[in-house]
Number of protein chains: 2
Amino acid sequence: MTSVDEPARSNGRIRDAARTRAEILDVATREFARAGYDGARVDEIAARTRTTKRMIYYYFGGKEQLFTAVLERAYGVIREAEQELDVDHLDPVAAIRRLAEVTFDHHEQHPDFIRLVSIENIHDAEHIAASEKLGRIGSPALDVIRRILTAGQESGLFTADVDAVDLHAMISSFCFFRVANRHTFGALFGRDLVDPGQRAHYRAMLGDMVIAYLTAERSPDRSGDRHTS
Amino acid sequence: MTSVDEPARSNGRIRDAARTRAEILDVATREFARAGYDGARVDEIAARTRTTKRMIYYYFGGKEQLFTAVLERAYGVIREAEQELDVDHLDPVAAIRRLAEVTFDHHEQHPDFIRLVSIENIHDAEHIAASEKLGRIGSPALDVIRRILTAGQESGLFTADVDAVDLHAMISSFCFFRVANRHTFGALFGRDLVDPGQRAHYRAMLGDMVIAYLTAERSPDRSGDRHTS
DNA sequence: TGACTAACGTACCGGTTCGTACATTAGCGG
DNA sequence: CCGCTAATGTACGAACCGGTACGTTAGTCA
């Protein structure tokens, strides 16, 4: 036993605002991701913290603002990861594949973030809308995609009429679905999309898909369109 | 005024078990999809029904079972839609594109269903797991995909090593993401993925993507793999 | 037609849960 | 070393919400 009965005053400071705040955010992230916004319990978050519920209201104001703060930090993490992306030395095909792989990995490594995004969508992204911080975050990944696309299109490797935001949506779709819908998909089709043994397979599949789309010759006639002649 | 003060006995029967049950399911579907499982209020569902809260417990037993019943019916709808799918008269390329379009349309037309699936995933698909009905539902779309893939692979049009469940996941990813993440994506990137003016664009994009993937020659060397020589 | 049961309504309970009033202490500046 | 304030803890309240006990009526069938 390090100390008798009093709370263990481990690292000198017993009053550390930044530390308390960060710990609340950590626990709240897990709790919101676990149970959803309405399913999460403020008392439960407090209980798993070394501080009390009072502090949650002291630092964040309320449950709603706490959730917004959780979202802001979660999006901040992905933003930082995207900023570290460096694919300028690669040729367009390899660069896109690398980008897809990084996106794939990031989604897999942050299932809580995926859940928070799902939850926020159930609430019509009203917390993002209310947050000034999140309004002007702007994905760095988009700039990367734009640069790669331009290079690929100028060299004639890529189809010309592909938009960066659309491509980002396409890559994210696959990565997001795999993690977000893991449970229903597994229950209905008997296949775990996040099975470690299948990881390399799905990672390659995503890259193949994106490259195939970008390098394919677009056929002019499409089923569903009327003007065939 | 059709009647004095008593409840309007419009269509003959005032006691109709099947009708009451169905009305509860209708309202519950909307309420659960709107607010999530924990956000939904049993009292609110009852209030929007022509009956009372007592009947919810009379017919379904509780909130949890009601949600399960809602899920069962929602999945039943998509199952029926898939069974109507008839693409056997089309060549493999057109058939896959048609399948993708039907999936695309169904997701767009049933945003509440998408929300329910998201919500169920937040709860680790525990309601699906607890439902006997949903355990043995098995997507008819999968059979269709299997047939098309076999035909396409035998004729040499499609890449041989593509699995039906994987392709289903790929198509669903795009369709699902577009609807499910509409709000966060719109808030962060300023683009509404469900904008009617962009509908045809994204529908064609999905078809192009899938066809490109299926008809592309797989390059043996992939970035990230070690065995390049 | 009368009685039996499925179907329905009312009123209420008890636990939960967000939020807060009030008391207290640590640590820093002067 | 003293006082001031940021930081923290305790105890509690009021509304909410899932669920139920109990009473009532419609429809049906012998």
Side-chain angles (χ1 to χ4, degrees), chain A residues 3 5-28 30-32 34-70 119 123 126-127 130, chain B residues 3-28 31-32 34-70 119 123 126-127 130:
Chain A
S3 77
D5 215 331
E6 294 123 13
R9 318 181 169 208
S10 45
N11 20 350
R13 289 273 193 88
I14 194 167
R15 293 203 166 184
D16 188 335
R19 207 207 170 292
T20 302
R21 228 188 102 99
E23 190 180 0
I24 292 173
L25 274 181
D26 282 340
V27 176
R30 286 199 295 272
E31 173 71 0
F32 279 124
R34 183 188 65 82
Y37 178 78
D38 291 289
R41 300 286 161 243
V42 176
D43 283 298
E44 184 65 21
I45 295 172
R48 295 186 185 277
T49 306
R50 256 175 292 182
T51 182
T52 64
K53 185 167 56 161
R54 176 69 184 78
M55 288 299 96
I56 293 174
Y57 290 90
Y58 182 73
Y59 283 114
F60 298 96
K63 190 182 182 181
E64 204 101 19
Q65 293 109 300
L66 175 60
F67 184 71
T68 304
V70 164
I119 292 160
H123 294 86
E126 59 190 14
H127 303 95
Chain B
S3 78
V4 230
D5 216 333
E6 293 122 13
R9 312 173 175 220
S10 45
N11 19 350
R13 290 273 193 87
I14 194 168
R15 294 203 166 183
D16 188 336
R19 206 205 172 293
T20 303
R21 227 188 102 97
E23 190 179 0
I24 291 173
L25 273 181
D26 283 340
V27 176
E31 173 71 359
F32 279 124
R34 183 187 66 80
Y37 177 77
D38 291 290
R41 298 285 159 245
V42 176
D43 283 299
E44 184 64 23
I45 295 171
R48 295 186 185 276
T49 305
R50 256 174 294 182
T51 183
T52 63
K53 185 166 58 161
R54 175 71 183 79
M55 288 298 96
I56 293 175
Y57 290 89
Y58 183 73
Y59 283 116
F60 298 96
K63 189 183 183 182
E64 204 102 18
Q65 293 108 301
L66 176 60
F67 183 71
T68 304
V70 164
I119 292 160
H123 293 86
E126 60 190 15
H127 302 95

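Note that the structure is predicted; figures quoted are calculated from it, not measured. Chain identifiers are assigned alphabetically (A, B, ...) following the order of the sequence lines, protein sequences preceding nucleic acid strands; residue numbering begins at 1 within each chain.
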What is the nucleic acid contact for [X], judged by heavy atoms within less than 4.0 Å: base, sugar-phosphate only, or nothing?
| X | value |
| --- | --- |
| B:T51 | sugar-phosphate |
| A:R54 | base |
| A:A46 | nothing |

Subject >> Within residues 61-68 of chain B, residues whose heavy atoms come under 4.0 Å of DNA chain C >> reply: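 Result for residues 61-68 of chain B: none.
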
Original post:
For B:E31, does its backbone N or O pair with a side-chain atom of B:E44 as donor and acceptor, under 3.5 Å?
Top reply: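 Pair absent, no side-chain N/O of B:E44 close to backbone of B:E31.
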
Original post:
Checking A:R41 side chain against A:D38 main chain: does a donor-acceptor pair fall under 3.5 Å?
Top reply: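 Yes: the side chain of A:R41 pairs with the backbone of A:D38.
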
In terms of side-chain heavy atoms of [X], which of [options] is nearest?
| X | options | answer |
| --- | --- | --- |
| A:M55 | D:dT20, C:dA7, D:dG9 | D:dG9 |
| A:T20 | C:dC8, D:dG18, D:dT8 | D:dT8 |
| A:T52 | D:dT10, D:dC17, D:dA7 | D:dT10 |

Original post:
Under the side chain to side chain contact (heavy atoms under 4.5 Å, CB included) criterion, do A:I45 and A:L66 qualify, and how do the steps go?
Top reply: CA-CA 11 Å; A:I45 295 172; A:L66 175 60; 4.0 Å; yes

Original post:
Could you go step by step and tell me if B:E64 and B:H123 meet the side chain to side chain contact (heavy atoms under 4.5 Å, CB included) rule?
Top reply: CA-CA 11 Å; B:E64 204 102 18; B:H123 293 86; over 6 Å; no

To the nearest Å, give me how far apart [atom1] ([X]) and [atom2] ([N]) are.
| X | N | atom1 | atom2 | answer |
| --- | --- | --- | --- | --- |
| A:Y57 | C:dG19 | OH | P | 4 Å |
| B:R50 | C:dA7 | CZ | C1' | 16 Å |
| A:Y58 | C:dA21 | OH | C1' | 16 Å |
| A:E23 | D:dA7 | CD | C1' | 15 Å |
| B:I56 | D:dT20 | CD1 | P | 13 Å |
| B:E44 | D:dC17 | CD | P | 9 Å |
| B:R21 | C:dA7 | CZ | C1' | 14 Å |
| A:R19 | C:dA26 | CZ | C1' | 17 Å |

**OP:** State whether B:Y59 places a side-chain N or O below 4.0 Å from either non-bridging phosphate oxygen (OP1 or OP2) of C:dC8.
**Re:**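 Yes, within the criterion.
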
Close side-chain approach of [X] and [Y], heavy atoms under 4.5 Å:
| X | Y | result |
| --- | --- | --- |
| A:E23 | A:T51 | no |
| A:K63 | A:F32 | yes |
| B:H127 | B:V70 | no |

**OP:** Go through the N and O atoms of the side chain of B:K53 and the base of C:dG9, and report whether any donor-acceptor pair is under 3.5 Å.
**Re:**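 No.
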
Subject >> Residue mapping more 5' on DNA chain C - nearest nucleotide basis, B:A17 or B:D43 >> reply: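 The residue closer to the strand's 5' end, by nearest nucleotide, is B:A17.
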
